[in-house]
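Contents: one structure, followed by commentary.
Note on naming: letters A, B, ... go to the chains in the order of the sequence lines (proteins, then strands), and numbering restarts at 1 for each one.
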4 protein chains.
Amino acid sequence: MNDRPPTREVLLDAALSVFTEQTYGGAAVAEVAKRAGMSVGTLYRYFPSKEALGNAVFRRWKGELLDRLTAGADPDEPVRTTFRRAWGGLVAFAAERPDAFGFLEFQQHESYLDEQSAALSARVSAMGEEMVVRGQRVGEIRAGEPLMLLALVYGAAVGLARTIHDGLVLDRAQLAAAEDAAWALLAKPEN
Amino acid sequence: MNDRPPTREVLLDAALSVFTEQTYGGAAVAEVAKRAGMSVGTLYRYFPSKEALGNAVFRRWKGELLDRLTAGADPDEPVRTTFRRAWGGLVAFAAERPDAFGFLEFQQHESYLDEQSAALSARVSAMGEEMVVRGQRVGEIRAGEPLMLLALVYGAAVGLARTIHDGLVLDRAQLAAAEDAAWALLAKPEN
Amino acid sequence: MNDRPPTREVLLDAALSVFTEQTYGGAAVAEVAKRAGMSVGTLYRYFPSKEALGNAVFRRWKGELLDRLTAGADPDEPVRTTFRRAWGGLVAFAAERPDAFGFLEFQQHESYLDEQSAALSARVSAMGEEMVVRGQRVGEIRAGEPLMLLALVYGAAVGLARTIHDGLVLDRAQLAAAEDAAWALLAKPEN
Amino acid sequence: MNDRPPTREVLLDAALSVFTEQTYGGAAVAEVAKRAGMSVGTLYRYFPSKEALGNAVFRRWKGELLDRLTAGADPDEPVRTTFRRAWGGLVAFAAERPDAFGFLEFQQHESYLDEQSAALSARVSAMGEEMVVRGQRVGEIRAGEPLMLLALVYGAAVGLARTIHDGLVLDRAQLAAAEDAAWALLAKPEN
DNA sequence: AATGAATGAGCATTCATTCAT
DNA sequence: GATGAATGAATGCTCATTCAT
């Protein structure tokens, strides 16, 4: 009977949209409430502070990103397959939710994120690092500090998303080419 | 005799340092003036508004970045060489001026940047695109939408800088490995 | 069978405890309801506004104080006896219900008290004034504006209560000495 | 040439008047600024917070009160003289500055007063205690816990001030009678 | 009758910008 | 030219009160 989405979700959506447009720091809580179609007081019934709201939005989407990166992973599959899945997940997420991805990756968050949010970021990072390490062990990924290689690919994905966000349109073939290129960055060069 | 740096420069330096720590949006003009050792009134004699100051800082360093990317470029050299120079310039800049690089690349600027600043960003982009296009023409760089390939490498560089900024320490060999990996992203795969 | 105190009383108790800790002005209605174990809505069923609640608390205890000051009074007894009873009642009340006494006497109430509450205060005052006037008529109390003398003794009692509230501990003998001193303030000096 | 009172003083005066009428807790900073004839921003240039302003007002007047209680004190004079001076100073202060005296003594301040303010209150109290102790030593003041006796007289003075504040008008003779009565409270009873 | 979600005016505080000195 | 006091709109947050359930 009640098809209205729960208030909390409505607020998270409104917050994401405002934070995306104006940056967490530049956003006014009142604007979030207005866009959510409710009063400030109500917002504060659901989130005790702007910081708490920011962290909730961050976790909502960093968690979603983590799920997408992890979904269907199989520790025995070739690393090339793992990478394809993760990269695909990342790019699909960025394409489907450019606002969420932009909020997560195009902004500086340090000052207000709490430990739990940082832990979630760390899990995403750890997941990537594991993939690189496993790839190096089985000889599919080139030598080098795993965190450095991860920084390069992750950065490449973010760069791609940013350019798409800024207006670049890519068809399926181009996206496949992008994935190939990103894998080449990681892949062990043929001796 | 007068070795004091010109007031304008002092202000740009102070502004960069404040913007880096607190984000453009979070920074108080009074704090910039204080760190520059002068009054707000004087700051406003040099820059008509906070936006103007932000744009000046942005241009100061985006211009420096463009110089470094361009420095010593020779249209006839192999693209591999051009890339090495550009990548090296980028990474050196990020290493020497992490504050400036962070300000340029880790923050969202859209709302206050003016046309002139945007044009400068466009020139950096154009410079990269030219390199990619030339590389494709001479068969050194893989096929694909040039802006897409550029987004990937540029993003990789930014990702690397961010991870270094977050504490990762890399020696010369690792940096060389990073450059190899980044080039692999662009390089035309062997047959 | 039903030993639960009536809702209204529960609310008055909760309100007193919150007003005592935080001042009438600083207290949140929601906190009162919470401490009373019920919802705000229910509180508002019993009291139409915060002001009404404040007045009810004030009257509840100013009335109690009046009862104690009056209890067992006999118009024919010596004024010294009346005074002993009244002073003792005041001090006992302050000792037994420091919260209530503090709320009544250590705070400024003017802005929200209504006529009925003011009338109750006036009755306390009138009762004291009568005692002073009677004492003067029978030659037991010194000459002087009765309201002035009342202000002095009443103030002395409040001062004592405040100091006890702030931590001063007094035994029975000291309390008796205090009563003597207070009476000396009123008593007609020998010749 | 410049006869305008210094801004800080203007603010302290405005704050006192608003705090007196509405209680520290009930007062709006904006109202203080308005009554001082300036903007909120200016107020905040002189006082970093409402608490700081409240403490400054408290200290301004508690200090004045201390001065008045102390003025012209001579350790060798009879205690009766010391008392007359102190009581007179207190009453004169309350008469001349009923707003300041009311702010100091008719309100509950605990939650926002800082250490320095508390120390000032302690000095006033210590000064009174010394007088009582000296009086007891020389046999002019009755036996009893000095802080208790002090609480009684100080309370009597506050009670008198409150009643005057509430409208009681007293001539010189009545005020002298009040002083006599207050001294009787302290004085050692004849044999 | 009881609940507690919702409202929005009000509060303390900050900060870009102006301007008299 | 330089200063910094002054302005007041805007921000994050609270709370008395209402009302649908």
#### Entry: A/Y24 six-ring centre to A/K50 NZ/CZ under 6.0 Å and within 45° of normal
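Flagged: A/K50 positioned over aromatic ring of A/Y24.
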Over how many whole Å does the gap from D/R45 atom CZ to F/dA5 atom C1' extend?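 Roughly 5 Å, once rounded to whole Å.
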Taking only the side-chain heavy atoms of [X] (C-beta and beyond), determine which of [options] contains the nearest atom.
X     : options               : result
A/V40 : E/dT17, E/dA9, E/dT13 : E/dA9
A/Y44 : F/dG12, E/dT3, E/dT14 : F/dG12
A/Y46 : E/dA5, E/dT7, F/dA16  : E/dA5
D/A28 : F/dA16, F/dA6, E/dC11 : E/dC11

Do the charged groups of A/D13 and A/R60 touch, with an N to O distance under 4.0 Å?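 Not counted as a salt bridge, because no side-chain N and carboxylate O are separated by less than 4.0 Å.
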- Query: So does D/R35 pair up with D/E21, basic N to acidic O under 4.0 Å?
  - Reply: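 Looking at D/E21 together with D/R35, the answer is yes, because their closest N to O distance falls below 4.0 Å.
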Quick one: do the D/T20 and D/S17 side chains pair a donor with an acceptor below 3.5 Å?
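Result is no, nothing qualifies.
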Original post:
Can you tell me if the side-chain N/O atoms of C/T42 get under 4.0 Å from OP1 or OP2 in E/dA2?
Top reply: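 Checking C/T42 against E/dA2: no side-chain N or O falls below 4.0 Å of OP1 or OP2.
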Open item on the list: On the nucleotide E/dG4, are OP1 or OP2 found under 4.0 Å from the side-chain N or O atoms that C/S39 carries?
Closed with: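 For E/dG4, OP1/OP2 do not have a side-chain N/O of C/S39 under 4.0 Å.
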Mapping D/G41 and A/G41 to their closest nucleotides on DNA chain F, which lands nearer the 5' end?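 That would be D/G41.
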